[in-house]
Amino acid sequence: MASCLKVVGITVGVVALAGLIAGLVTWGVLASRDPVEDPPELRELDWWEHTVIYQIYPRSFMDSDGDGIGDLKGITSKLEHFVDAGIGAIWMSPIFTSPMVDFGYDISNFYDIHYEYGTMEDFENLLARAHELGIKVLLDYVPNHASDQADYFVLSRNRTEGYEDFFIWADPRPNPDDPANPQVPSNWISQFGGSAWEWDEVRQQYYLHQFAVEQVDFNFRSPAVRQEMLNIMDFWLEKGVDGFRLDALPFLMEANPVDHEGLYPHNPPSGNAFLEPHQLGYTTEIYTKDLLELYDVIYDWRDHVEEWMSGRDTTTKVLLGEGYTDIINTMLYYGNERDRIGCHFPFNFDFITSLSAESNARDFVYVILQWFTYMPQGKVPNWVFGNHDNNRMPTRFRDNMVDGLNSLNMILPGVAVTYQGEEIGMRDGYVSWEDTVDVNALNRGDNETYMLYSRDPARTPYHWNDSTNAGFSTAERTWLPIAEDYAEINLAVQKEATRSHFKVYQALTALRRTSKTLSHGEYALRALSANTLVLVRYLRTHDTIALLFNVSDGPDTVDLSAAPNLQGPLTVYTSSVESTRDVGDEIPLGEITLSAGEALVMSGPPA
Ligand SMILES: *[C@@H]1O[C@H](CO)[C@@H](O)[C@H](O)[C@H]1NC(C)=O
Ligand SMILES: *[C@@H]1O[C@H](CO)[C@@H](O)[C@H](O)[C@H]1NC(C)=O
Ligand SMILES: *[C@@H]1O[C@H](CO)[C@@H](O)[C@H](O)[C@H]1NC(C)=O
Ligand SMILES: CC(=O)N[C@H]1CO[C@H](CO)[C@@H](O)[C@@H]1O
Ligand SMILES: [Ca+2]
Ligand SMILES: [Ca+2]
């Protein structure tokens, strides 16, 4: 570890400086040690602490060679888009060698690039060009499982020395009632439905797969596996990547039969009478998810990355955790149990899992404040509005909320995360049953129910312009269809328009880059009515920034003078596309009526 001071949570580029200031940091705000400076110097943030991170779904971003599949050269050709949009870092869903059963989340070679996406040289070019442009590059690290095509599995299934215990192998469960018919090792259900155990003819044992049959769970109790995970991380760190998004963390470890009389314990029934035993949710996953032991693995990874950095002249490498779990378990990814540190932050999925078009302003305020309440002191918050596993943001909320939601993302303290397309308000694409390729939909659904499970609609290709295939590809047929609304919603049209989601997005990221209030200030958040919330950011002598957002589907009148820490008059900095208020309009601190979904970002005098 570079320095024990990093345990405090907020790291800065220069470790010695962190030592000097660690004691003075409230969240983000630092009083100067030098009394003659006025206004005081503000602590220089490390690159990741207030950045905008953009998730690329590589298969759907840009196709450079006309095979209908996005690729690395395509991404490299579009890196200027991130500069244009004001993004600081990209994270890419997996680009490693894969049979593509789960579109890259089934990795067969963790040390190479998938052929449809390009070559190692293409990756190195992408990385070099991104760095030239000042964009950090994060990879998707998928530690829970390997593809059944991976060498590890081929070697483990015939018990090659050193690989015997790489995966979770189990004998059939004895069946006292019918000894001739042994059972699966336990009742565990895969995330994609059906038993999590699969019989292997070669080894004559079952193996565990918490996801697809072709995604074999690593055995994290094996020291060899633990070491191999570090080797993989090192390989990509040596290449120069800036960090990792860590996939599916709650599933890293399962109950140990040693603690259960030599058997894998059954998960207890959840009591959900609508589900059948093979369906996810029929049981409560107490032995297969959120095991406390898994956090030690994460804390070890963080130690390892800190050690890697300590011998080198390098910018900070970050670890971002993915785990859909409750708030208590989520916060453990930050670390601090037994004084250890974990991820720089776990993704905050509350806007995906706890809020929707049905939510009122009080729900928004409650959900946002909940994160701050539970987050350990000194840590950096983050906000996620969508990703490749969930319906797109405007589809879960409403079209008229796009700018308000992007404004919230950018004006809240901490890191903003954008999923590919959110900057132009892309909605879910329609994907017919015939065109469906998502394993979750194919396994769990049929031609009538697949839409409940399919992640394809959130993965349709990016809309660059209104030409063929939205400019994504010259292929006759793309891997997923282009969403039908591409002529209306695309980047080119929004760059031309005077008012557009993209223009609002650009204004917001520009403000983030320059406003010390946003990077270092305090926040106050309140529901001014059932429908309208106000978020105020303030910092001593600096301009105050306020976001007013009517999250409802109708007009709302509120009294701005009730907003905390706000002085008038306010000036509109940017407003949602359908708003009648323009940049520069003055807004008095009194009654104001907002149309459905209207959002105003305003600046005002210091609080
Ligand atoms: C196991 O399989 C691998 C890969 O097919 C092969 O190289 C190796 O010789 C096999 N080992 C044993 C003990 O059968
Ligand atoms: C779904 O498939 C079944 C069986 O092939 C067929 O009878 C039914 O009409 C299909 N439903 C739809 C909505 O296509
Ligand atoms: C649309 O976008 C693609 C990708 O950037 C580009 O190759 C193509 O020339 C564009 N078409 C038009 C008509 O601008
Ligand atoms: C005060 C006011 O007019 N609020 C409206 C905002 O929109 C919602 C949803 O349409 C209405 O229910 C409220 O009456
Ligand atoms: Ca391609
Ligand atoms: Ca696992």
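Atom set for the values below is all heavy atoms of this structure, side chains included, hydrogens, waters and symmetry mates excluded. Just so you know, ligand 1 is whichever comes first in the structure, and atom 1 is the first atom listed for that ligand. Nothing fancy with the numbering, it's 1 onward along the sequence. In this text, all values refer to a predicted model and were calculated from it rather than measured experimentally.
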| message | When you measure from the Ca ion (ligand 5) to the N, O or S atoms of Glu116, does any of those distances fall below 3.0 Å? | response | no

| Can you tell me which residue and heavy atom of the protein come closest to atom 9 (O) of ligand 2, and the distance to 0.1 Å? | Glu448 OE2, 4.6 Å

| said: Looking only at the aromatic ring of each residue, does the gap between the centers of Tyr419 and Tyr57 stay below 6.0 angstrom? | reply: no

| message | Can you tell me if, anywhere in Asn144, an N/O/S atom lies at a distance from the Ca ion (ligand 6) that is smaller than 3.0 Å? | response | yes

| What is the nearest protein non-hydrogen atom to atom 4 (C) of ligand 2, stated with its residue, atom name and distance? | Asn447 ND2, 4.7 Å

| request: May I ask you to check if any N/O/S atom from Ile69 comes under 3.0 Å of the Ca ion (ligand 5)? | output: yes

| With a cut-off of 3.0 Å, does any N, O or S atom of Phe251 fall short of it relative to the Ca ion (ligand 6)? | yes

| query | Do Arg157 and Glu201 sit within salt-bridge range, that is, some charged N less than 4.0 Å from a carboxylate O? | reply | no

| request: Calculate the angle formed at the Ca ion (ligand 5) by OD1 in Asp67 and OD1 in Asp63; 10° precision is enough. | output: 90°

| Can the ring centroids of Tyr299 and His304 be said to lie less than 6.0 angstrom from one another? | no

| Geometric cation-pi criterion, Lys78 with Trp464: 6.0 Å, 45° | yes

| What about the rings of Trp169 and Tyr163, do their centers lie closer together than 6.0 Å? | no

